[in-house]
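All residue numbers refer to positions in the sequence shown, counting from 1. Every heavy atom of this structure was used, including side-chain atoms; hydrogens, water molecules and symmetry mates were not.
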Amino acid sequence: MDSASKALEKTDVKLPWREKFGWATGDFAQNLIYTTISTYLLFFYTNVYGLPAADAATMFLVVRLIDAINDPIVGTIVDKHTTRWGKYRGWLLYMSIPLAVLAILCFHVPDMGAMGKLVYAYVTYVGLSLIYTTVNIPYGSLNAAMTRNNKELVSMSSVRMLLANLGSLAVSFGVPIFVKMISGGHYSGVQSQTGWFWTMVIYGIAGAAILIFCFSQSVERIKMAPEQESNVKVSDLYHQLVINGPLRTLAIFFIITFGLMSVVNAVGAYYMTYNAGNPDMMQWYNLLGTLPAFIVVPITPWLNRKIGTQWLMQSSLGLAVIGFLIMYAVPATNITWTFIGRTIEAAGIILSTGFQWALVPQAITYGEWKSGKRENGIINAVIGFFFKFGMALGGVVPGYVLAAYGFVANHQQTARSLEGIRMTTTIIPIIVTVLAMVVFAFYRLTDEKVEKMNEEIAARHAAE
């Protein structure tokens, strides 16, 4: 065996199931916290906290602008420094509890005037987003430091998405139940404030504990050379965007798909409460938004091998369009067909948004092949910013649309405001999904190309 083959063999490893599962629990933990934020925070701010929809939407936008500055800095710090526990693992240990604390504070309603409450909402939500970056970027970088084996990375992504969707299921179905149980049956209005706060306490503590478990089970094998580490700088983020075509495509794709997912999730509570006139069915509507994951995610690696990356992504997005069209064609009060459409569009979204994470290590490998530096943190900072901006659209788009159509929280809605909710649930997602299909057509990497790049990178290291 030549030196290049030996160098590749050390990092191109098949991981034990325990390690894959342990790493994947990190996304379960993050979803317990951040899916609660992305799915329910807008509804909480408008219907429980008492903010006007436009003010809440503006805040979501401002937080993402702050992320535009914060994410590159965090990505650089992560790549430039190694903690006592490794380059990425240590962050999960150090920042898990602060993340939980800030999430809990976001669902606390302070006894202040209108301006004081708005300031408090800004401070806690901005703080949460800053802390979340210090968890999400290292976690997203960790898998590419565990193995170079592309099949293993796809497999890891499938396990990750299965557990991530299990976390989303616990949030989408469980949060309404816990809130009503704790607050005496109330889900909206000031009577539900205690329920929202203590529900987030439960989810926050669970999320922090599982992040610590993820830290304990993950092993870093691929390490950045000290001379490369010292050369990492914030401008590398922009350099990667310039030289890394697959990263540019993924970055745009992430903002579109996470924007799509977040808008659909955020507007669901309004759609079932007002358009369907059946708020008690909301947890079931949310459940159907997650349940297809347990069918489509396990078969994702098989689908990828059979039809390839491009066909897998395009067909899943096409499936989502069909689901949205069904929901558009029937009134929300037709619960049977509404739920059928919801299930179909959710299956398509879950398949596409889950599989896209398996492509991030490919972009990391491409960047290393082009630049000579394996900048996991920098590239995940790019992806992290774009997917968080996409998630913010779940607050920005519905918030502004609801305000434009005259939505008033906890009141009977007009025909115009109901139409605004319906458009945000169906028409806007259809347009966004088609846009995602167009963007992903420009993604050119395949498994075979990535394997060839890994071999060339190993040959370079062996020659040094």
Side-chain angles (χ1 to χ4, degrees), residues 1 4-31 78-79 82-83 85-93 135-167 210-224 293-294 296-305 309 354-369 374-377 379-380 383 445-455 457-458 461:
M1 182 181 294
S5 298
K6 289 180 180 177
L8 184 60
E9 185 180 40
K10 289 180 181 178
T11 54
D12 188 20
V13 297
K14 185 173 176 60
L15 302 180
W17 168 255
R18 172 195 58 77
E19 195 173 329
K20 289 182 189 179
F21 176 82
W23 171 77
T25 60
D27 223 350
F28 177 87
Q30 290 178 84
N31 273 6
V78 168
D79 270 342
T82 299
T83 73
W85 307 103
K87 183 171 286 295
Y88 308 111
R89 293 173 62 240
W91 292 88
L92 306 184
L93 177 66
V135 173
N136 185 257
I137 288 178
Y139 175 76
S141 305
L142 186 53
N143 61 339
M146 294 167 69
T147 181
R148 286 185 182 276
N149 188 303
N150 194 62
K151 290 185 176 63
E152 285 295 282
L153 288 166
V154 172
S155 174
M156 290 172 73
S157 180
S158 294
V159 179
R160 172 189 186 178
M161 286 303 103
L162 203 59
L163 290 183
N165 281 285
L166 190 60
I210 297 169
L211 277 173
I212 294 171
F213 173 77
C214 172
F215 151 80
S216 72
Q217 299 300 303
S218 304
V219 179
E220 295 182 27
R221 296 179 179 84
I222 305 170
K223 305 185 186 302
M224 185 183 293
F294 302 100
V296 300
V297 170
I299 64 173
T300 300
W302 177 81
L303 284 173
N304 184 45
R305 289 193 301 271
T309 298
F355 183 65
Q356 68 189 357
W357 287 106
L359 305 179
V360 176
Q362 292 188 353
I364 291 172
T365 296
Y366 183 89
E368 182 183 14
W369 180 70
R374 191 171 182 84
E375 297 180 311
N376 300 22
I379 287 178
N380 273 280
I383 296 297
L445 284 185
T446 62
D447 291 353
E448 293 75 18
K449 289 180 180 179
V450 173
E451 288 175 9
K452 192 172 185 322
M453 287 175 194
N454 276 324
E455 291 170 1
I457 292 168
H461 290 328

Open item on the list: Looking at Phe213, I want to see if its CZ is surrounded by more than 12 non-hydrogen atoms of other residues, nucleotides or ligands under 6.0 Å.
Closed with: yes
Task: Smallest separation among heavy atoms of Arg89 and Phe215, with atom names - done: NH2-O, 2.9 Å
TODO: Verify, without hydrogens or angle tests, whether Asn304 (side chain) and Thr300 (backbone) share a donor-acceptor contact under 3.5 angstrom.
DONE: no
Task: Between CD on residue Gln362 and OG1 on residue Thr446, distance to nearest 0.5 Å - done: 7.5 Å
Open item on the list: Using 0.5 Å steps for rounding, measure from the CG atom of Asn165 to the CG atom of Asn31.
Closed with: 7.5 Å
- [ ] Evaluate the side-chain proximity of Leu153 to Met146: yes if any heavy-atom separation is below 4.5 Å, no if none is.
- [x] no
Task: Reported CD1-to-OH distance for the pair Ile137 and Tyr88, which is rounded to 0.5 angstrom - done: 11.0 Å
Open item on the list: A side-chain contact here means heavy atoms from C-beta on lying under 4.5 Å apart; do Val159 and Trp17 qualify?
Closed with: yes
Open item on the list: On a heavy-atom basis, which atom in Ser158 and which in Val297 lie closest, and how many Å separate them?
Closed with: O-CG1, 3.0 Å
Task: Gly26 backbone acceptor or donor facing Gln30 side chain under 3.5 Å - done: yes
TODO: Decide yes or no for Thr309 and Leu445: does some side-chain heavy atom of the first lie under 4.5 Å from some side-chain heavy atom of the second?
DONE: no
TODO: Please examine the side chains of Ile212 and Leu93, heavy atoms only from C-beta on, and report whether any two atoms are closer than 4.5 Å.
DONE: yes
TODO: List the atom of Asn149, the atom of Lys151, and the distance in Å for their closest heavy-atom pair.
DONE: OD1-N, 3.0 Å
Open item on the list: For residues 137-146, which residue pairs pass the side chain to side chain donor-acceptor pair (under 3.5 Å) check, not counting sequence neighbours?
Closed with: Ser141-Asn380
TODO: Taking the side chain as every heavy atom from C-beta outward, state whether Leu163 and Thr25 have any pair of such atoms under 4.5 Å apart.
DONE: yes
Task: Closest non-hydrogen atom pair between Gly90 and Thr83, with its separation - done: CA-OG1, 3.5 Å
Task: Partners passing salt bridge (charged side-chain N to carboxylate O under 4.0 Å, His left out) against Lys452 (at least two apart in sequence or in another chain) - done: Glu456
Open item on the list: Less than 4.5 Å apart, side chain to side chain, heavy atoms only: is that true for Glu19 and Val219?
Closed with: yes
Task: Pairwise side-chain contact, Leu15 with Arg221, heavy-atom cut-off 4.5 Å (strictly under) - done: yes
Open item on the list: To the nearest 0.5 Å, what is the distance between CG on Leu92 and CH2 on Trp23?
Closed with: 11.0 Å
Open item on the list: For Trp85 versus Glu220, what's the shortest heavy-atom pair and its separation?
Closed with: O-OE2, 4.4 Å
Task: Phe294 vs Leu162, side chain to side chain contact (heavy atoms under 4.5 Å, CB included): CA-CA, chis, key distance, verdict - done: CA-CA 7 Å; Phe294 302 100; Leu162 203 59; 3.8 Å; yes
Task: Atom of Lys20, atom of Ser155 and distance for their closest heavy-atom approach - done: NZ-OG, 3.0 Å
